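Encoded as structure tokens, the structure appears first; notes follow it.
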There are 2 protein chains.
Amino acid sequence: MTVRPTDTKEEILRLGTELIQVYGYNAFSYADISKELDIKNAAVHYHFPGKEDLLAGIIDQYIQRYKELGAKINAPGITAKQKLDVFISRYTDLCEQNKICIIGSVCSDYNTMPESVKTKLGELIEMVLGIVEKVLQQGKKNGELDFPETARVKSLLIMTNLAAGVQLARITGKKDYMAICKSIIDQVSS
Amino acid sequence: MTVRPTDTKEEILRLGTELIQVYGYNAFSYADISKELDIKNAAVHYHFPGKEDLLAGIIDQYIQRYKELGAKINAPGITAKQKLDVFISRYTDLCEQNKICIIGSVCSDYNTMPESVKTKLGELIEMVLGIVEKVLQQGKKNGELDFPETARVKSLLIMTNLAAGVQLARITGKKDYMAICKSIIDQVSS
DNA sequence: AAAGCTACTTACTAAGTAGTAAGTATTTCT
DNA sequence: AGAAATACTTACTACTTAGTAAGTAGCTTT
């Protein structure tokens, strides 16, 4: 039987993620979480002894989610363009909620993290880049997509466009983000 | 006669900028500044009553710098490609120091800022985008540069590539950043 | 030379921060 | 039924945080 996390632990992860996406990692405290969930701060420390453990837990959750997305995206019967759309839509959803992607959010706090979390974040980023790279590679191979860069570099370009795009959207408006998305698609269309 | 800020005030701005570029806005305190400059925290409060005033001061300084860069870039006798290089080199310098751009850094803390600073940050961003847009527009007009997007959208793509690129470089390595830069140039080369 | 201004220091406060040790209620295992 | 594990709460500590009020040294103006 698998270990089943309590609702509280899941709620802490959910809220922690949201706080990072809305305010940033170094801008929220355990009190923000305990107040919102109507528990004591010691309860948060019970599940995640330190704030770095919470961040590690949140990143782990994302690694798990992207593992699943990666598997889904390998499934046949769906075009590379559709796969790319699925990926972009994750960022569009964030944008509509005035949130930013956790990777983009915690990047500025990178030097305040312990080494173990830095490593974990690196793994998540390489994983995400790998998924996009694979989609681009397949699309290029079967003639569905076309671009002059290598798939790796193109994935870097797309990821930086999206991650910074949702951040920009909160300040200069969603129109800019939508224009970025359209360009990404146009640039890889054959 | 112009108002001449004291060395201390300039040092606070310089160090504040550096702390944002290295650790992030919500990760440093006035104590970090006063210790490093060997002054009392009250001295920091004297020049910048609140942390938001310091951030506003730092953004103001950048607005001033980009005003100067904008004027320099309007000068004749320099190609659009060279102008773009000047711009990109600012980010490359940051990258080499393992720092990130202040815009990219404070973006994740956007919702923790007072409205006045949010507005100021928006002005800075529009200013930077405007400078890049102008360079791209001129280059396109005289046939020096070529790209399918509008100059505005291309400036969004380039800025998001650079801002997120330097952030990524701290985690996945400088190679990725260099590849991004090369692609930016290649994409606008006619 | 007195008055005032600038750029601080001294000394402090109130609130928030992460974090912990010890206790308790409830479920699960034996 | 008793023991142990789980998921907390109570109650607290040590520290850091931004921020301020009052004082002072030195320079400038009148």
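First the proteins, then the strands, lettered A, B, ... as listed; each starts at 1. Every heavy atom of this structure was used, including side-chain atoms; hydrogens, water molecules and symmetry mates were not. Since this is a predicted model, take the numbers as computed values, not measurements.
Pairs passing the side chain to side chain donor-acceptor pair (under 3.5 Å) check and including a residue from residues 110-119 of chain B, sequence neighbours excluded, read B:Asn26-B:Thr112.
Residues of residues 24-31 of chain B that place a heavy atom closer than 4.0 Å to DNA chain D, in numerical order, are B:Phe28, B:Ser29, B:Tyr30, B:Ala31.
Within a 6.0 Å radius of CG in A:Asp38, no more than 12 heavy atoms belonging to other residues, nucleotides or ligands are found.
With respect to B:Thr160, the side-chain hydrogen bond (donor to acceptor under 3.5 Å, both in side chains) criterion is satisfied by exactly one of A:Thr160, A:Asn161, A:Asp176: A:Asn161.
Atom CD1 of A:Ile33 and atom P of C:dA18 are 9 Å apart (whole Å).
OP1 or OP2 of D:dT6 has not a single side-chain nitrogen or oxygen of A:His47 nearer than 4.0 Å.
Below 30°, between 30° and 60°, or above 60°: for B:Tyr25 and B:Phe28 the angle between ring planes is above 60°, a perpendicular geometry.
Using a 4.0 Å cut-off between a side-chain N of Lys or Arg and a carboxylate O of Asp or Glu, B:Arg152 and B:Glu126 qualify as a salt bridge.
A donor and an acceptor atom, one from each side chain of B:Thr92 and B:Tyr177, are located under 3.5 Å apart.
Comparing D:dC8, C:dT6, C:dT20 by their nearest atom to the side chain of A:Thr8 picks out D:dC8.
The backbone N or O of B:Asp93 lies less than 3.5 Å from no partner atom in the side chain of B:Glu96, so there is not a single donor-acceptor pair.
Recorded end-axis angle for the helix from C:dA1-D:dT30 to C:dT30-D:dA1 stands at 10°, based on five pairs per end and rounded to 10 degrees.
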